[in-house]
Visitor: 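Before we start, here is the structure in question, set down as structure tokens.
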Amino acid sequence: MSSQASPVKVYIRIRPTANFAHEIIECLPDQQTLKVRSRKDSKRGKRNNQLSSWVFQLNGVLHNVSQEDTYDRVAHGVVLGAFEGYNGTIMCFGQTGAGKTYTMTGAAETYKQRGIIPRALQEVFLEVEQRADHTFTVHLSFLEIYNETMVDLLSSLKKGKCSNSGVLTVVEETGGGVSVKGLSLHLVHNEEEALNLLFEGEMNRIIGEHALNKHSSRSHCILTIHIESRSRTLSDAKYITSKLNLVDLAGSERLSKTGSEGQVQTEAMYINKSLSFLEQVILALADRRREHVPFRQSKLTHALKDSLGGNCNTVLVANIYGEAAQIEETLSTLRFATRMKCVQTKPSINEHVDPVIIKQWSVDHPYSKIVPFYPKA
Ligand code: ADP
Ligand code: MG
């Protein structure tokens, strides 16, 4: 299947606030441009007297945009693409509290505030019902990555298909894709079953956090919807598969190191090494001259290899605060978002041929192999 390069789509979502810093952040009417003016030199963390300004151009700026409209603009197309056989990844990036989990999962209290994951699950099963000429199999998996350890958030459910003893490893497949060996896959028949699994996974994440004294803002979570679709025409040996990765990344804030004299050192440190590896991978991918991309440096970048440099429709939502106090982190998130825009993926349809059906076909049609089909004169 031929494939065309397609840039990663990047959206900025601003967390609503009563103290929006209008004097610093300006959203232009095209809803794609953000202007930031600041006296702070964010690289050194110091104030200087020169006013600097930056313009960021993205695929969309979501400012006071509802969960429903966010889904429609960010996720709808990617979810539908999965039904054509395209892999898709939607990920949220940004500092803790900026709205990543709100965007991905949503607020549990109200139905209206549900996020991309429950809406994607709903849309998947609506499509399954509507496409009566195909049969579908939908599986879910839920992975957490914390300090280079991968955790199966659904391993407590024994019913899942599990390929080994619980040790998870990222493996590269023959077609160039990646998958996580050992991660359990759970068959789901409807939206309700899928939401129950989502809830189960979230609970396991919280239990693990308390038991191991983990910090949730430092872990990455990847919920994957695996879809397989076959035509109801029995002789059709072709079928398509796709994966939708819905990713809630760890908080991206940098912690300032405090020096021996209590002075804040100029050097900023990442709380999460895998995010700095993610930045390195994105820099390498955005720079066409670079031949080596260090995907294998961390579990996160390895697990997301497809989404960043492979066969996938990829969307990034960069979540930011609208307040002046957070402007340094906001600028750093916006720079990351801009770099991500330069990354190109090559989405292509994942089509396979079922060897069992081919074999059956030649049994049913014994001459098909020997007698070629000539069109009648
Ligand atoms: P993160 O996952 O990035 O750490 P959260 O998604 O948990 O941040 O958001 C922090 C708080 O702000 C939560 O209480 C969340 O409900 C609220 N919040 C974030 N974004 C929005 C939004 N767009 N609309 C309403 N509330 C939001
Ligand atoms: Mg969160």
Side-chain angles (χ1 to χ4, degrees), residues 89-109 114-118 120-121 139-171 178-188 192-226 243-253 255 269-278 297-304 307 317 319:
T89 294
I90 302 165
M91 52 183 147
C92 286
F93 176 89
Q95 77 183 106
T96 300
K100 297 180 296 296
T101 304
Y102 182 83
T103 299
M104 241 344 140
T105 311
E109 304 89 60
R114 69 204 195 285
I116 288 175
I117 293 175
L121 291 169
H139 285 89
L140 289 191
S141 61
F142 206 174
L143 175 71
E144 182 183 32
I145 304 175
Y146 183 81
N147 281 349
E148 287 307 286
T149 305
M150 296 195 283
V151 179
D152 184 345
L153 290 176
L154 297 177
S155 67
S156 55
L157 299 159
K158 289 282 178 279
K159 276 189 282 175
K161 263 200 271 176
C162 198
S163 50
N164 72 6
S165 57
V167 181
L168 305 184
T169 37
V170 181
V171 289
V178 285
S179 66
V180 178
K181 198 172 145 217
L183 188 63
S184 61
L185 289 179
H186 300 264
L187 181 65
V188 279
E192 195 193 341
E193 282 181 19
L195 290 178
N196 284 341
L197 283 187
L198 175 64
F199 182 72
E200 175 85 23
E202 298 280 353
M203 284 307 290
N204 285 339
R205 186 183 183 189
I206 293 165
I207 293 166
E209 240 170 66
H210 289 295
L212 303 169
N213 205 12
K214 295 198 292 197
H215 207 298
S216 72
S217 65
R218 296 184 195 176
S219 76
H220 315 284
C221 278
I222 308 179
L223 181 100
T224 307
I225 311 174
H226 308 251
K243 285 192 279 188
L244 278 172
N245 297 311
L246 306 170
V247 189
D248 189 349
L249 291 170
S252 63
E253 56 275 359
L255 279 192
M269 194 180 77
Y270 266 103
I271 58 164
N272 195 309
K273 265 196 178 159
S274 60
L275 281 178
S276 83
F277 288 133
L278 179 62
Q297 268 190 130
S298 76
K299 297 280 186 334
L300 177 74
T301 50
H302 203 188
L304 292 179
S307 316
V317 180
N319 293 94

Visitor: Are the side chains of E200 and S156 in contact, using a 4.5 Å heavy-atom criterion?
Guide: yes
Visitor: Is the backbone N or O of L153 less than 3.5 Å from a side-chain atom of E144, with the two atoms forming a donor-acceptor pair by type?
Guide: no
Visitor: Using only atom types and a distance under 3.5 Å, with no angle test, would you say the side chain of K100 pairs donor to acceptor with the backbone of G94?
Guide: yes
Visitor: Taking atom OG1 of T301 and atom NE2 of H220, what is their separation to the nearest 0.5 Å?
Guide: 9.0 Å
Visitor: Checking D152 side chain against L154 main chain: does a donor-acceptor pair fall under 3.5 Å?
Guide: yes
Visitor: With sequence neighbours left out, write down each residue that passes side chain to side chain contact (heavy atoms under 4.5 Å, CB included) with E202, or none if nothing qualifies.
Guide: T105, F142, L198
Visitor: Does some side-chain heavy atom of V317 sit less than 4.5 Å from a side-chain heavy atom of M104?
Guide: no
Visitor: Shortest non-hydrogen contact from N245 to S307?
Guide: ND2-OG, 3.6 Å
Visitor: Using the side chain to side chain donor-acceptor pair (under 3.5 Å) rule, take H186 and S184 through it: C-alpha gap first, then chi angles, then the decisive distance, then the call.
Guide: CA-CA 7 Å; H186 300 264; S184 61; 2.8 Å; yes
Visitor: Given L121, which of L244, L195, L246 fulfils the side chain to side chain contact (heavy atoms under 4.5 Å, CB included) condition?
Guide: L195
Visitor: So, do S274 and I145 sit near enough that their side-chain heavy atoms are less than 4.5 Å apart?
Guide: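 Sidechains of I145 and S274: no contact.
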Visitor: From I116 CD1 over to M91 CE, what is the distance, rounded to the nearest 0.5 angstrom?
Guide: 12.5 Å
Visitor: How long is the straight-line distance from CG of L140 back to CD1 of I225, given to the nearest 0.5 Å?
Guide: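 Rounded to the nearest 0.5 Å, the CD1-CG separation comes out at 6.0 Å.
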Visitor: Could you grab the distance from atom CZ of R205 to atom CD1 of I207, nearest 0.5 Å is fine?
Guide: 13.0 Å
Visitor: Go through the steps to decide whether S141 and H226 satisfy the test side chain to side chain contact (heavy atoms under 4.5 Å, CB included), and finish with yes or no.
Guide: CA-CA 8 Å; S141 61; H226 308 251; 2.9 Å; yes
Visitor: Where do V151 and L168 come nearest, in terms of heavy atoms and distance?
Guide: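 Where V151 meets L168 most closely, the heavy atoms are C-CD1, 3.8 Å.
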Visitor: Do any N or O atoms from the side chain of D248 and from the backbone of C221 form a donor-acceptor pair under 3.5 angstrom?
Guide: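 No; zero donor-acceptor contacts below 3.5 Å.
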Visitor: Looking only at heavy atoms, what is the nearest atom pair of V188 and E193, with distance?
Guide: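 Of all heavy-atom pairs spanning V188 and E193, the closest is CA-OE1, 3.5 Å.
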Visitor: At their closest point, which heavy atom of M150 faces which heavy atom of L143, and how far apart are they?
Guide: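 In this case the closest contact between M150 and L143 is CB-CD1, 3.8 Å.
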Visitor: Check L249, T101, T103 against C92 for a side chain to side chain contact (heavy atoms under 4.5 Å, CB included) and give me the one that passes.
Guide: T103
Visitor: So, for A250 and L275, which heavy atoms are closest and what is the spacing to 0.1 Å?
Guide: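 Closest pair (atom of A250, atom of L275, distance): O-CD1, 3.5 Å.
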Visitor: Mind checking the CZ-CG spacing from F199 to N204? Nearest 0.5 Å is all I need.
Guide: 10.5 Å
Visitor: Taking atom OG1 of T169 and atom NZ of K299, what is their separation to the nearest 0.5 Å?
Guide: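 So the gap between those two atoms works out to 9.0 Å.
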Visitor: Would you please name every residue forming a side chain to side chain contact (heavy atoms under 4.5 Å, CB included) with A107, sequence neighbours left out?
Guide: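 Only Y102, E109, Q113 meet the side chain to side chain contact (heavy atoms under 4.5 Å, CB included) criterion with A107.
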Visitor: For A98, enumerate each residue passing the side chain to side chain contact (heavy atoms under 4.5 Å, CB included) test, keeping only those at least two apart in sequence or located in another chain.
Guide: Q95, N319, Y321
